[in-house]
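The structure under discussion appears below in the form of structure tokens.
When a ligand or atom number is given, it counts from 1 through the structure's own listing order. Because only heavy atoms are used, hydrogens play no part in the values below, and waters and symmetry mates are left out as well, while side chains stay in.
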Amino acid sequence: MRLLLVEDDPMIGESLRNALRLEGFAVDWVRDATAADGTLASERFDLVLLDLGLPPGRAPAGEGTDAGGLGVLRALRARHDSTPVIVLTARDGVGDRVAGLDAGADDYLVKPFELDELSARMRAVLRRHSGRAQPLLSHGGVTIDPATRQVTRDGVPVLLSAREFAVLEALMLRPGALLSRAQLEDRLYGWGEEIESNAVSVYIHQLRRKLGADFIQNMRGVGYYVGTPGGSATPQAGGA
Ligand code: CA
């Protein structure tokens, strides 16, 4: 899962980024509205954590009277981008939360909040966004619970590292969809994190060892998948 964290407070930003990385998310962090706008217009994320009280950044003079997190959110939705957004706000005014939801946020959290609550809301938002009422993902005898990160194979618990889980979850979210090595790396690493060469191959190897050699398939030169390629998912259009 690839997250964009938009937060200007260095301490909150850094601790959130580190905590979410430890949970296996690939986290990219920007600190102002202009950087958030630019990043969201050019890259794809599974989820955005958006602070409402943001400095405008280097917006051209005369633009962005509606700066801050709300402006970022309105611009995102104006581009018909439905990426799930959870608004983070230190303000306690009901008006800000209402404005955030009305501008297209999927949920909100008022600072300070517990990481556990943030994680639970993230899972709920991602579940709703993917149209799944069921919190569990199941395929070919393997079941994963994104909430508890428990994995079973034919009912028997299987222990996975955070990154092995991240690879498996990405594949099981859309059985049949091919994910390239680069797409999987995107889900494992944020900006500035050194990508270990061969890391994806290593995680796939471990997963096959733990879940059965045939569970994850490889289409040579294209990518990895579970299930039948093209089966139940639309192929990624990429780019636009
Ligand atoms: Ca702030």
- request: Only protein N/O/S atoms count here: give how many lie under 3.0 Å from the Ca ion (ligand 1).
  value: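 If we list every protein N, O or S atom nearer than 3.0 Å to the Ca ion (ligand 1), we get 3.
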Exercise answer: donor-acceptor pairs, residues 214-224 side-chain atoms, under 3.5 Å, sequence neighbours excluded:
{"unit_1": "Gln217", "atom_1": "NE2", "unit_2": "Asp214", "atom_2": "O", "d": "2.6"}

field: Closest approach of Pro146 to Ile144 (non-hydrogen atoms, all atoms of both residues)
entry: CD-O, 3.5 Å
task: Start with the C-alpha gap between His129 and Asp46, add the side-chain angles, then the distance that decides, and say whether side chain to side chain contact (heavy atoms under 4.5 Å, CB included) holds.
output: CA-CA 10 Å; His129 188 71; Asp46 296 297; over 6 Å; no
field: Rounded distance (nearest 0.5 Å) linking atom CD of Glu196 with atom OH of Tyr189
entry: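 The OH atom of Tyr189 is 3.5 Å from CD of Glu196, to the nearest 0.5 Å.
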task: Report the C-alpha distance between Tyr108 and Leu52 in whole Å, list the side-chain angles of each, state the deciding distance to 0.1 Å, and finish with yes or no for side chain to side chain contact (heavy atoms under 4.5 Å, CB included).
output: CA-CA 10 Å; Tyr108 68 84; Leu52 278 193; over 6 Å; no
query: Out of curiosity, does Phe113 fall in the hydrophobic cluster containing Leu115 (side-chain heavy atoms, cut-off under 4.5 Å, transitive links)?
result: yes
